[in-house]
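Below, chain A is the first sequence line, B the second, and so on; all start at residue 1.
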Amino acid sequence: MSHDQQLRADRLVFYEKEIEELNSELDAFLELSKAKTAMLIDREGHLVTRRGESIKSSLDSVSALIAGSFAATREMARLMGEDEFAVLHHQGVSNSIQIQAVGPRTLMGVIFDGRTNLGLVRFYAQECNRRVKEILDQVEVQSSGRGSGLAENFSESAEAALDKLF
Amino acid sequence: MVQINFAQKQINAKIVYYGPGMSGKTTNLEVVHQRAPAPNRGDLTSISTDGDRTLFFDYMPLDLGTVAGMRTCFQMYTVPGQVYYNSTRKLVLQGCDGVIFVADSQESMREQNIESLKNLEENLAEYGKNIADMPLIIQYNKRDMPGAVSVETLEADLNQYGAPSFEAVANTGQGVFPTLKALAAVVLKNLSQESSAGGSSPSPAAPAAPAPMATSDGVPEQSAQFAAPAAAQPGGENHPPAAVPSKAADSSEADNASAPLMETGFTPRENGVPQPVSAASAQGSISGAPAGTAMQGQLDSGGAASTAVAPAPARQARPRPQTAGKSAGARPAKGRQKAAPKAPVKKQGNTVYTIAFIVLAAAVGAVLAKTILSFL
């Protein structure tokens, strides 16, 4: 595989239409489950989209930590002969979080409080997970077959931005 | 793995500081955090031991600003350097787009430098990546230490790949930013080159409408479809032709209000309702608002970012209160893809919604009954 092919295979490109489909699924899930916030994060820790209530702390940091947390438990799972633990649950006094694998490259994080319960969240998350996975599968297929769609002047603009920042 | 998100107009890339323990990786990140302009830097998050050794990773997002209409962010990580943390080190390396190898210039660390570089090679290989293909910058840190090994020796030890290298004294900040800038340049250049090579054929329709990223012509085909929804789309199997030009987005909203429901059959959450631009931006993330609103917000705040970004799918996400009850949970996926023909989708969709709702209600009832019985 050439370098370019490798990059195309690695990269995920999300267009607005796809994000809207994902948002729509997350909205439906939030409505049914009464959870506070739902977010999709790729396994490298980059946020794909978030719906529901905003988070007080940095969304980027939360995303990175969710991905890190999931990755760590996956190693634990491997030591126990499992591929991964598909669902994680961290329970707090007022807020809890459920992390669920959605396909091979994405995670769904759900933050909820006393307005709902873990069973309800998990129940609706299963269905939402399946639908989101279908959309992400399409994104992955399309990502590998299309250019990144960046402007031709991206390289020059990037150099200018770097000069400005550093 | 670079993530390009056109809905948020954002590019995310992952950069990892790698190297032996105590070589100065976390210090590099701390210096970037201290000296980067406040609007560009995010919080520095550390998962470390009591002794301040990195246990899992340190993390900091760095916003480069808007590059060609796309907000470009680097997610910067350090790995734990100690040999026995290899499993967590490997996890951090997953999906990285560029590596800064921080070597310790002290004589006593030569062997550990070499060992760590070898470990980097091995860990990348486990992810199917070749270090020779990975954007790599080497930083020779701690140049101020007495008896520091000469750069020539370090080059001979470590730089068999001919990677750009920099001398640094991280705790004074010297050499930190040149190193990061060099890697950022390579990562973005790679992305850009791959973009021009990877985009299939330039779309003849591209110049027909203003593009979101200020492109004029020669835009890769898919980009043109996104940028110019109203233009002809010869290869647009994945992107249905937009019915409404972007500049008519406002009027299209009125149309959508009376259009049949094609999507969600549930009552939207309060924060899912289109909000004023100021409200969307106040949330700190455009993802909190519906895409149409978010794009409008960017248009207002980002200037040149884009006149053409509000494509037709905005109507898909537009919530319609009190319509098909709570049947969203069983909404058929295909109905969503066939959004263009309006009336038939509604009819077919309603039937399916009704059946699905009954099934779902029965299932929920059964679960509730079982739960109640278990309590009894």
Does any backbone or side-chain atom of [X] lie under 4.5 Å from a heavy atom of chain A? Answer side chain, backbone, both or neither.
X: B:Ala13; answer: backbone
X: B:Thr88; answer: neither
X: B:Gln94; answer: both
X: B:Val92; answer: neither

Electrostatic pair A:Glu127-A:Lys133, nearest N-O below 4.0 angstrom: no
- prompt: Between A:Ser61, A:Ser58, A:Ala161, which shows the greatest number of heavy-atom pairs under 4.5 Å with chain B?
  reply: A:Ser61
- request: Output the option from A:Ala160, A:Gly68, A:Gly119, A:Cys128 having the highest count of non-hydrogen pairs under 4.5 Å with chain B.
  value: A:Gly68
field: Under 4.5 Å from a heavy atom of chain B, the part of A:Glu75 involved
entry: side chain
Largest heavy-atom contact set with chain A, pairs under 4.5 Å, which of [options]:
options: B:Pro178, B:Ser87, B:Gly95; value: B:Gly95
options: B:Ile11, B:Asn5, B:Leu188; value: B:Asn5
options: B:Asp63, B:Leu44, B:Leu64; value: B:Leu64

Distance-only polar pair, side chains of A:Glu25 and A:Asn23, donor-acceptor under 3.5 Å: no
task: Would you check if the distance from the ring center of A:Phe29 to the ring center of A:Tyr124 is below 6.0 Å?
output: no
task: Indicate the atoms forming the closest heavy-atom contact of A:Ala67 with A:Leu107, along with that distance.
output: CA-CD1, 3.8 Å
- line: To the nearest 0.5 Å, atom CD of B:Gln3 lies from atom CG of B:Asn12 at 5.0 Å
query: For A:Asp163, does the CG atom have more than 12 heavy-atom neighbours from other residues, nucleotides or ligands under 6.0 Å away?
result: yes
message: Using modelled atom types and a 3.5 Å cut-off, is there a donor and acceptor pairing between side-chain atoms of A:Arg43 and backbone atoms of A:Pro104?
response: yes
